[in-house]
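Just so we're clear, the structure is a prediction, and the values are computed from it rather than from any experiment.
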Amino acid sequence: MTLIRLLARPMLASTFAVGAVAGLRNAPALAEKSKPVIDKLVPAVEQAAPQVPLPKDPVTLVRLNAAAQLIAAVSLARGRAPRLSSAVLAASLAPTTVAGHPFWQESDPQAKQEQMFHFFKNLSVLGGLVLAAVDTAGQPGVAYRAQSAGRTARREAKHLARATRLQARLAAKSVAS
């Protein structure tokens, strides 16, 4: 692991670890604030994936989200499954941001400005998580390896076809003589 990744992953994970602990401690208050988003998100998830058992209690959902963030943050900070951890954090950050910083609902200009700042700060963190989720740590990803294997197979098939045609011509000449 490079020094950059060794330092950057815990820095990126730190905000989630702190936020997740606060979420676990203050779940009832956060559930009340998150209720409008939860009321829209739960039916959408149930429709998209009916086989997934999803609790309906907002407090339980807030605690599940916080637990997922804490586990993923610790995993990312330690460099264990960093791509999966980043993806989990990115997936949990979107509803958390919408529920926690709805600047479009604020009427006070000062409060609206503050909520907007936090919303776009989270959007920036989401960008970092997306980059971390696709970071292959300098190793080729599955798509590259599949393309490379396809190119190699095509090249070998072309050479094999040429060699086969040559052998067929030589065999035809030896039979004719």
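Ring geometry for H118 against H101 counts as parallel: the plane angle stays under 30°, on a 0 to 90° scale with 60° as the upper cut.
Counting heavy atoms from C-beta outward, H159 and R155 have side chains that approach closer than 4.5 Å. In this structure, L64 and T60 have side chains that are in contact, with non-hydrogen atoms separated by less than 4.5 Å. In this structure the side chain of F16 reaches within 4.5 angstrom of the side chain of L93, judged on heavy atoms. Contact annotation: the side chain of V59 approaches that of R63 to within less than 4.5 Å [non-hydrogen atoms, C-beta and beyond]. The shortest distance between side-chain heavy atoms of L61 and L41 does not fall below 4.5 Å. Using a 4.5 Å heavy-atom cutoff, the side chains of L6 and L3 are in contact.
Summarising the geometry of G23 relative to A66, their closest heavy-atom pair is C-CB, 4.1 Å, with the distance given to 0.1 Å. Closest approach of A73 and A13 over heavy atoms only: O-CB, 3.2 Å. Here the shortest heavy-atom pairing between S92 and T96 reads O-OG1, 2.7 Å. Nearest heavy-atom pair across P53 and P55 is O-CD, 4.0 Å. The two residues A91 and P95 make their nearest non-hydrogen contact at O-CD, 3.2 Å. Annotation for V88 and A68: closest pair CG1-O, 4.1 Å, computed over non-hydrogen atoms.
To the nearest 0.5 Å, atom CZ of residue F103 and atom CZ of residue F120 are 4.5 Å apart. One distance of note links NZ of K121 with OG1 of T15; it measures 5.5 Å at 0.5 Å rounding. Distance check: L131 CG to L126 CG gives 10.0 Å after rounding to the nearest 0.5 Å. Taken from CZ in R145 to OG in S148, the straight-line distance is 10.0 Å, to the nearest 0.5 Å. Of the inter-residue distances, the one linking T97 atom OG1 with Q115 atom CD reads 11.0 Å to the nearest 0.5 angstrom.
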Inset, instruction - Go through the steps to decide whether V74 and R80 satisfy the test side-chain contact (heavy atoms from CB on, under 4.5 Å), and finish with yes or no. - result: CA-CA 9 Å; V74 170; R80 306 282 185 224; over 6 Å; no
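A distance-only check finds no donor-acceptor pair linking the side chain of S75 to the backbone of I71 [under 3.5 Å]. Looking only at distances, no side-chain donor or acceptor of K112 sits under 3.5 Å from a matching main-chain atom of W104.
Within a 6.0 Å radius of CG in L166, more than 12 heavy atoms belonging to other residues, nucleotides or ligands are found.
With hydrophobic clusters built from ILVMFWY side chains whose heavy atoms lie under 4.5 angstrom apart, V18 does not share a cluster with V62.
Legend: salt bridge (charged side-chain N to carboxylate O under 4.0 Å, His left out) pairs involving residues 131-143, not counting sequence neighbours, sorted by first then second residue: R5-D135, R9-D135. Residue pairs meeting the salt bridge (charged side-chain N to carboxylate O under 4.0 Å, His left out) criterion with at least one partner in residues 39-50, sequence neighbours excluded, are K35-D39, E46-K56.
If you run side-chain contact (heavy atoms from CB on, under 4.5 Å) between S85 and each of L129, L12, L76, only L76 comes through.
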